[in-house]
Amino acid sequence: MLKLAEKYLRKDSLPLLFCPGCGNGQILNAFIRAIDDLGIRERIAAVSGIGCSSWIPVYLEIDVLHSLHGRALAFAQGLKLGHPEKKVVVFTGDGDCLGIGGNHLIHAARRNIDLTVIMVNNFIYGMTGGQKAPTTPLGSLSKTSPHGNLERPFDPCALAEVAGATYVARWSTSHPVELQRAIVDAISHRGFSFLEVMAQCPVQAGKHILKESDPWKMMQWYKRSCSRHSGSGVDPLMVVGEFVNREEAEFCDLILAERKSQCEE
């Protein structure tokens, strides 16, 4: 990783501010390797909202737009429409994306605009103290559910799929090779790509939900709990793999075609 770190990381931003054992560093590693494989450093732009995972692209020597809480996809769509030649990647968390930003997710997906969303899911609001999130498991304790969470968690991938995303996948930090390949596939896909990454949060999720603050043991839990196949007794929220990969008309292409038609008339 040393050569890639020297190539991509901003030297004035080190050390990283992630908590020890946080999965965001592993996702940053996979992302750097993916964009290096694709050779698109000059064409890529990253957008993020607010939260632990939204800091991932800030440490990179690429074009980065650090935006408002829940509004990363709104900014990203504007950036893509203004610069359709750019590969725009959105870094967001489960709270940022599915809570305050949920409306932007479903409308960006239904437009099938050419964006890649990397949503980091740690089952909790990690940066602001450990409140329950839209992905917090049933019965889990948190700062805002001291007697157990009564609200069913979202299935982020199912939500993205029914909203219209044309590439949908889920992996965890315990699947580094598959994660890197999925990032490559998501960025290469022409249309709205949604990649959920389950990542360990030793400080908040570990303390409140898993009752385990050792990041290595948390990753082992992901490895044991994740399944590549759905079926009886398998939690659908822990099924990993590629769920959707289809071709449909992309939003920017439709706009350009409409403008061309109007000019010809």
Side-chain angles (χ1 to χ4, degrees), residues 23-24 27-28 30-31 34-35 38 44-49 51 53-54 56-57 65 67 70-81 86-123 133-135 153-173 175 178-199 226 228 230 236-253:
N24 289 335
I27 298 169
L28 175 61
F31 180 67
I35 60 176
L38 290 167
I44 200 161
V47 181
S48 62
S53 56
S54 295
I56 292 175
L65 176 58
S67 67
R71 310 302 180 217
L73 275 162
F75 281 85
Q77 290 175 81
L79 176 59
K80 181 65 182 181
L81 289 169
K86 287 281 189 181
K87 288 288 187 180
V88 180
V89 180
V90 178
F91 284 89
T92 182
D94 49 317
D96 187 62
C97 183
L98 301 175
I100 188 172
N103 58 328
H104 295 299
L105 171 65
I106 59 177
H107 290 294
R110 77 181 177 92
R111 294 181 181 115
N112 193 36
I113 188 168
D114 186 27
L115 301 175
T116 297
V117 176
I118 300 177
M119 192 203 79
V120 182
N121 181 5
N122 57 17
F123 306 124
T135 54
F154 271 129
D155 182 334
C157 289
L159 177 64
E161 179 179 354
V162 298
T166 49
Y167 177 92
V168 180
R170 175 191 291 126
W171 293 101
S172 81
T173 50
H175 302 85
E178 294 89 343
L179 175 58
Q180 179 182 335
R181 290 173 181 167
I183 294 174
V184 170
D185 291 342
I187 294 175
S188 302
H189 178 77
R190 182 69 178 173
F192 189 81
S193 299
F194 182 84
L195 173 58
E196 177 188 355
V197 187
M198 293 183 291
C226 291
R228 299 184 189 226
S230 60
L237 299 178
M238 301 302 290
V239 176
V240 295
E242 182 183 292
F243 307 126
V244 179
N245 191 347
R246 67 176 186 271
E247 293 184 8
E248 286 187 9
E250 192 271 332
F251 191 62
C252 296
D253 292 340

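A quick note: this is a predicted structure, and the numbers were derived from the prediction, not measured.
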Not counting sequence neighbours, which residues clear ring-ring contact (aromatic ring centres under 6.0 Å, His included) with His104? List them please.
none
Set of side-chain contact (heavy atoms from CB on, under 4.5 Å) partners for Ala76, sequence neighbours left out:
Val47, Val88, Val90, Leu115
Separation of Ile44 CD1 from Ile187 CD1 (nearest 0.5 Å):
4.5 Å
Do Ile183 and Val89 come within less than 4.5 Å of each other through their side chains, counting heavy atoms only?
no
Got Ser172 and Met238 here, is their nearest side-chain heavy-atom distance under 4.5 Å?
no
Passes side-chain contact (heavy atoms from CB on, under 4.5 Å), Gln77 versus His107? Steps please.
CA-CA 10 Å; Gln77 290 175 81; His107 290 294; 5.8 Å; no
Apply side-chain contact (heavy atoms from CB on, under 4.5 Å) to residues Val240 and Glu178 and explain how you reach the verdict.
CA-CA 10 Å; Val240 295; Glu178 294 89 343; over 6 Å; no
To the closest 0.5 Å, what do you measure between OG (Ser54) and CG (Asn24)?
9.0 Å
Do Met198 and His175 touch side chain to side chain, with heavy atoms closer than 4.5 Å?
no
Which atom pair, heavy atoms only, marks the closest approach of Ala72 to Gly49?
CB-N, 3.7 Å
Give the minimum heavy-atom separation between Met119 and Phe194, together with the two atoms involved.
SD-CZ, 3.8 Å
Answer yes or no: is there a donor N or O on one side and an acceptor on the other, between the side chain of Asn112 and the main chain of Phe192, under 3.5 Å?
yes
Nearest heavy-atom approach of Leu38 to Ser188 is CD2-OG, 3.5 Å
Contact between Cys226 and Arg170 at the side-chain level, heavy atoms closer than 4.5 Å - yes or no?
no
Given side chains that start at C-beta, do those of Thr166 and Glu247 come closer than 4.5 Å, heavy atoms only?
no
Looking at residues at least two apart in the chain, or sitting in another chain, which of them share a side-chain hydrogen bond (donor to acceptor under 3.5 Å, both in side chains) with Lys86?
Asp63
Working to the nearest 0.5 Å, report the span between CG of Leu73 and NZ of Lys80.
13.5 Å
Do Asn245 and Asp185 come within less than 4.5 Å of each other through their side chains, counting heavy atoms only?
no
About how many Å separate CG of Leu105 and CZ of Arg110, when rounded to the nearest 0.5 Å?
12.0 Å
Counting only heavy atoms not in Arg71 (residues, nucleotides, ligands), do more than 12 fall under 6.0 Å from its CZ?
yes
Phe154 side chain reached by Leu98 side chain, heavy atoms, under 4.5 Å
yes
Sequence neighbours excluded, which residues qualify as side-chain contact (heavy atoms from CB on, under 4.5 Å) partners of Val162?
none
Give, for atom SG of Cys157 and atom CG of Leu237, the distance between the pair rounded to the nearest 0.5 Å.
9.0 Å
Check: Thr173 side chain, Gly23 main-chain N or O, donor-acceptor pair, under 3.5 Å:
no
Sequence-distant partners of Glu250, side-chain hydrogen bond (donor to acceptor under 3.5 Å, both in side chains), two or more places apart:
Arg190
Listed by chain and number, what are the side-chain hydrogen bond (donor to acceptor under 3.5 Å, both in side chains) partners of Thr92, not counting sequence neighbours?
Asp96
At their closest point, which heavy atom of Gly95 faces which heavy atom of Pro134, and how far apart are they?
CA-CD, 4.1 Å
With sequence neighbours left out, the residues meeting side-chain contact (heavy atoms from CB on, under 4.5 Å) with Ala133 are Asp94, Tyr125, Thr135, Thr136
For Phe31, what residues pass the ring-ring contact (aromatic ring centres under 6.0 Å, His included) criterion, not counting sequence neighbours?
Phe91
For Ser193, give me all partners under side-chain contact (heavy atoms from CB on, under 4.5 Å), at least two apart in sequence or on another chain.
Thr116, Tyr167, Ala186, His189
What distance separates Gln180 CD from Trp171 CH2, expressed to the nearest 0.5 Å?
13.0 Å
Report the residues that fulfil salt bridge (Lys or Arg N to Asp or Glu O under 4.0 Å) with Glu161, sequence neighbours left out, ordered by chain and then residue number.
none
Side-chain heavy atoms of Phe123 within contact of Asn121, under 4.5 Å:
yes
Hits for side-chain hydrogen bond (donor to acceptor under 3.5 Å, both in side chains) against Glu248, two or more places apart or cross-chain, chain-then-number order -> Arg246
